[in-house]
Asks: 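My questions all concern the structure below.
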Protein chains: 2
Amino acid sequence: MGNKSNNLLLGALEMLVLKALLTEDRHGWGISKRLKQISSGTFTLNVGSLYPALYRLEKKGFVESYAAVSEKGRDARFYRLLPKGKAQLEDQTANWREFSVAVEAVLSSQS
Amino acid sequence: MGNKSNNLLLGALEMLVLKALLTEDRHGWGISKRLKQISSGTFTLNVGSLYPALYRLEKKGFVESYAAVSEKGRDARFYRLLPKGKAQLEDQTANWREFSVAVEAVLSSQS
DNA sequence: CACTTATATTACGTTATTCGAAACATCTAA
DNA sequence: TTAGATGTTTCGAATAACGTAATATAAGTG
């Protein structure tokens with residue numbers, strides 16, 4: 001990742017990437033732009049984190065990739081979310097929410 | 001960590017530990033119980049994660065430890081939050097919140 | 001024309017955290 | 001006496017994320 005103070009993203013990166021692919025196929029660069037935009041700049045993905053995450057997701061059967069030409073006319077590798085990846089996204093999302101509720105409960109606890 | 005589906009905790013553990021020490025000194029075991037309780041069971045800390053985290057925090061000057069007898073009459077190592085650790089807790093809390101807001105923005109985005 | 005910026009990907013080694021597990025010790029309760 | 005609760009230490013393995021560098025081409029600017 002790479003928001004100023006670093007590694008809270010751990011484990012959430014793959015979930016965010018999957019989410020970025022939910023509505024349409026995107027290439028790595030496009031995923032990066034998309035997440036940056038939706039998070040209002042909080043997420044500025046490091047290429048050294050993003051692409052390896054994509055390879056892992058493909059290896060696990062959550063996404064598949066294909067070569068195509070980008071909107072800007074460049075060669076790019078697009079990723080498509082597969083059913084297994086969609087299920088994974090749902091799992092991770094539910095899990096993330098449970099987790100963040102628990103963290104917030106701790107952070108806001110008195111005494 | 002060790003909630004059923006694992007490692008979203010990454011990076012947040014130290015923050016949670018610091019928070020557990022905000023109101024009173026505790027020993028490792030007590031921190032574990034405390035976090036489990038407040039999170040309604042979501043956080044069941046792995047000792048192999050917790051104690052190393054404590055050592056790191058002490059090394060960084062965020063906490064200091066001392067030997068004392070626990071409520072149950074056992075020898076234990078208590079940890080006290082230091083001013084530097086309190087400042088760190090505040091930083092990490094603000095950061096966590098920014099981060100989780102951004103994650104939620106991505107997860108709930110349409111289109 | 002030369003240069004920079006934007007687009008896009010690959011690859012590498014390092015660092016750090018977390019996990020799981022095992023081992024040790026003592027006290028209390030069944 | 002056996003198990004369970006309390007409490008700590010330490011190890012190796014796995015893995016994710018980081019920073020960085022290299023590569024390539026297109027478009028725009030001076």
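So that the names make sense, note that chain A is the first sequence line, chain B the second, and so on, each numbered from 1. FYI, side chains are in, hydrogens and waters are out, and symmetry mates aren't considered; it's all heavy atoms of this structure.
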Asks: Reckon S70(B) has a side-chain N or O less than 4.0 Å from the OP1 or OP2 of dT6(D)?
Replies: no
Asks: Between R56(A) and dA16(D), does any side-chain N or O lie under 4.0 Å from OP1 or OP2?
Replies: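 For dA16(D), OP1 or OP2 has a side-chain N or O of R56(A) closer than 4.0 Å.
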Asks: Can you tell whether the side chains of R56(A) and E58(A) come within less than 4.0 Å, N to carboxylate O?
Replies: no
Asks: So, for A53(B) and E14(B), which heavy atoms are closest and what is the spacing to 0.1 Å?
Replies: CB-CG, 4.5 Å
Asks: In this structure, which one of Y79(A), F78(A), Y51(A) forms a ring-ring contact (aromatic ring centres under 6.0 Å, His included) with H27(A)?
Replies: F78(A)
Asks: Which comes earlier along DNA chain D counting from the 5' end, the contact point of G73(A) or that of H27(B), where each point is its nearest nucleotide?
Replies: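 Whichever sits nearer the 5' end wins; that is H27(B).
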Asks: Would you mind telling me which of dA8(C), dT8(D), dT6(D) lies closest to the side-chain atoms of K72(B)?
Replies: dT6(D)
Asks: Counting just side-chain N and O atoms, does N46(A) come under 4.0 Å of either OP1 or OP2 of dA17(D)?
Replies: no
Asks: Please classify the nucleic acid contact of G48(A) as base, sugar-phosphate, or nothing, using heavy-atom distances under 4.0 Å.
Replies: base
Asks: Spell out, as yes or no, whether a donor-acceptor pair under 3.5 Å connects the side chain of K84(A) to the backbone of K60(A).
Replies: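 Indeed, once roles are kept as given, a pair shorter than 3.5 Å links the two residues.
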Asks: Would you name the heavy atoms of G48(A) and P52(A) that are closest together and state the gap between them?
Replies: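 That would be O-CG, 3.2 Å.
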Asks: Figure out the CG/C1' separation between L57(B) and dT17(C), and round it to whole Å.
Replies: 13 Å
Asks: Roughly, in whole Å, what's the span from CD in E71(A) to P in dA27(D)?
Replies: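 In whole Å, dA27(D) P and E71(A) CD are 14 Å from each other.
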Asks: Indicate whether OP1 or OP2 belonging to dT9(C) is found under 4.0 Å from a side-chain N or O atom of Y51(A).
Replies: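 Checking dT9(C) against Y51(A), a side-chain N or O does come within under 4.0 Å of OP1 or OP2.
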Asks: Map P52(A) and A76(A) onto DNA chain C by nearest heavy atom, then report which one ends up closer to the 5' terminus.
Replies: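 Comparing both residues, the 5'-ward one is A76(A).
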Asks: M15(B) CE to dT17(C) P: how many Å, rounded?
Replies: 15 Å
Asks: Would you kindly give the CG-to-C1' distance between L54(B) and dG7(D), to the nearest whole Å?
Replies: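 Value for this atom pair: 12 Å.
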Asks: Look at the side chain of V47(A) and decide which nucleotide, out of dA17(D), dA11(C), dG7(D), has an atom nearest to it.
Replies: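 Looking only at heavy atoms from C-beta outward on V47(A), the closest nucleotide is dA11(C).
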Asks: Between atom CZ in R34(A) and atom P in dA8(C), what is the gap in whole Å?
Replies: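 The answer, rounded to whole Å, is 16 Å.
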Asks: Would you please confirm or rule out a distance under 4.0 Å between OP1 or OP2 of dG7(D) and any side-chain N or O of K33(B)?
Replies: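 The answer is no; no side-chain N or O of K33(B) sits under 4.0 Å from OP1 or OP2.
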Asks: Provide, to the nearest angstrom, the distance between the CG atom belonging to L13(A) and the C1' atom belonging to dA16(C).
Replies: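 To the nearest whole Å, that distance equals 16 Å.
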